[in-house]
Amino acid sequence: MFFPSLSPFLLLSLCVLCRADRTPGFRVPIRRVPRLRPLAFSSNVLTTDVSITNRNEFAYLVSVSVGDQQFSVILDTGSSDFWIVSSDCTTPDCTGVQKYYKEQSSSLSLSGTPFTLSYLMGSVTGNVGFETIEIGRFQISSQVFALANRTLGLGLSTTGNSGILGLSFPSIAAISLANGDTLLENILSNFDEPDRFFAFKLGSGSGPDDLTSSFTLGELDSNITSDLNSFSFTPVSKAGADSFNYWKLPLQSLTIDSTTFVLSPSLIPDAKAPIAVLDTGTTLILGPTLDVDAFWRAVNQEGATRKNARTGLWEVKCDRGVSVSFLLGEKGNERPYPVNPSDVNWEEGGSEDGWCMGGIQPNDGVNSGDWLLGDVFLRNVYVTHHHANSTHQPLIGLLNMTDPETAMIRFRNDRGPDQSVPSTHWIRQNVPSTTSPRTAIVYMISSVSGFVVGAMVTLFVRIRRQRALF
Ligand SMILES: *[C@@H]1O[C@H](CO)[C@@H](O)[C@H](O)[C@H]1NC(C)=O
Ligand SMILES: *[C@@H]1O[C@H](CO)[C@@H](O)[C@H](O)[C@H]1NC(C)=O
Ligand SMILES: *[C@@H]1O[C@H](CO)[C@@H](O)[C@H](O)[C@H]1NC(C)=O
Ligand SMILES: *[C@@H]1O[C@H](CO)[C@@H](O)[C@H](O)[C@H]1NC(C)=O
């Protein structure tokens, strides 16, 4: 009785008559909202005089109906489970978000199997169940999912999302596959073979009318492109694992201002090139310390970059425009994907005294791959994620969306002239202020079931430095 069955919602009656036709794909409206963080975090991290500013992160949400109750959930290509909070959840973390009421549903069945995801900075606990789930125009009955009765440290109450919809491969799901297929598997298996994919464009707009973000299943967003042939395809890498786990592909090199920047070899034994993981649940681009340090030193013209000794994070003068491309794909078939200078030099991350946060940061704790390409990279591409079918292994399709020249002109208009490019008028200033508030950034990578899934948490903690008296 727990076998999920899937029917095209709304089109059900139509398709009884047209069985031979392809199941049409669909678009699920996606909203970009500020991802706020609960104050409770600070006590775990620092005991100094702290107040948190929340201007830095965004989450991409979609609407899902579970047993006829409506929820907003985060889309996360770095994990594979679907869970929502139940009305049993009373922890401060889940206060005020839309919750699932068991007593209001006749279609729920609970399995009695406990569900746990452990995060470095938080956790979810609950129970595995089966419900009727609707997303876009699909309805899936007896879909396995988890009802969370306790969440800690995930910031649900401030973001307003009721759970997470994981879009990665089943092998990393915390809910045992013996209970049934993941929501994504169930939806995609309903499409004809060439249409078993979903596509993302992460935008930078916000609110319900944000048309810069797009999430579609089984079809492309014709407002971006209708032509799958315009994408470059790369087989998903299995490096370091027995089965497909994350949306991974080889990263051959970077270019900085068109000069090749060679990367250190992958730490994954069987990988021929460094492995990059595409992950909507991560904000920044994270790479090995060795490479990221060398990268920022390479763009350090006239003191335009610095590594914050206390946080270990790279900062860059807000007016320094860095032209970076990521060369992704198998050797010989790699393509350059330019990253907008305003994503590399990240003003959204907060600026102090003219210093902005680097969009590329060191992190040696990533174990799903060598590099984690989060939202600051993903905003520059249109990505398709193809499941395996009878002729192909899973594929990633990438379409470059950033014209580096236009992006640099916009950057210049926004940030003003580049003071760090050597010029006769420019005199090196290196006067760190000891009295102004400084921004300290604390990162944590969440890990689910021992995997780093990359739902990165960024806290901005303002610390007032005392003037030294002597
Ligand atoms: C939450 O679910 C777990 C796992 O089934 C259970 O042990 C716990 O008692 C439940 N807590 C609440 C508050 O319902
Ligand atoms: C399998 O998927 C690939 C990639 O999307 C597609 O090109 C191919 O046509 C599909 N195979 C079949 C038999 O439809
Ligand atoms: C394309 O964009 C227009 C507005 O610019 C919108 O009305 C329409 O729904 C969009 N179409 C799709 C398929 O998303
Ligand atoms: C990326 O696409 C833009 C247009 O969308 C184009 O101008 C640019 O040259 C492309 N760059 C690369 C490296 O493909």
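When a ligand or atom number is given, it counts from 1 through the structure's own listing order.
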Original post:
Do any N/O atoms on Asp88 end up under 3.5 angstrom from N/O atoms on ligand 1?
Top reply: no

Original post:
Does an N or O from Asn127, backbone or side chain, lie closer than 3.5 Å to an N or O of ligand 1?
Top reply: yes

Original post:
Of all the atoms in ligand 4, which lie at a distance below 4.0 Å from a heavy atom belonging to Pro336?
Top reply: 13 (C)

Original post:
Taking the side chain from Asp88 and the backbone from Asn149, do they hold a donor-acceptor pair closer than 3.5 Å?
Top reply: no

Original post:
Near ligand 2, which residues have a heavy atom under 4.0 Å away from one of its atoms?
Top reply: Glu193, Pro194, His386, Asn389, Ser390, Thr391, His392, Leu395

Original post:
Is the gap between the ring centers of Phe197 and Phe191 under 6.0 Å?
Top reply: no

Original post:
Between Phe198 and His385, what is the ring plane arrangement, given parallel below 30°, perpendicular above 60°, and tilted in between?
Top reply: parallel

Original post:
Hey, which atoms in ligand 1 end up nearer than 4.0 Å to a heavy atom of Gly126?
Top reply: 4 (C), 5 (O)

**OP:** Quick one: closest heavy-atom pair of Glu131 and Ser107, and the distance?
**Re:** OE1-OG, 2.7 Å

Original post:
Between Ser171 and Asn245, do the side chains contain an N or O donor and an N or O acceptor separated by less than 3.5 Å?
Top reply: no

Original post:
Taking atom types as modelled, is there a side-chain donor on Asp370 or Ser266 under 3.5 Å from an acceptor on the other?
Top reply: yes

Subject >> Residues in side chain to side chain donor-acceptor pair (under 3.5 Å) contact with Lys272, at least two apart in sequence or another chain >> reply: none

Original post:
Just heavy atoms, cut-off under 4.0 Å: does Thr402 contact ligand 4 by side chain, backbone, both, or neither?
Top reply: backbone

Subject >> Within-4.5 Å side-chain heavy-atom neighbours: Phe200 and Leu278 >> reply: no

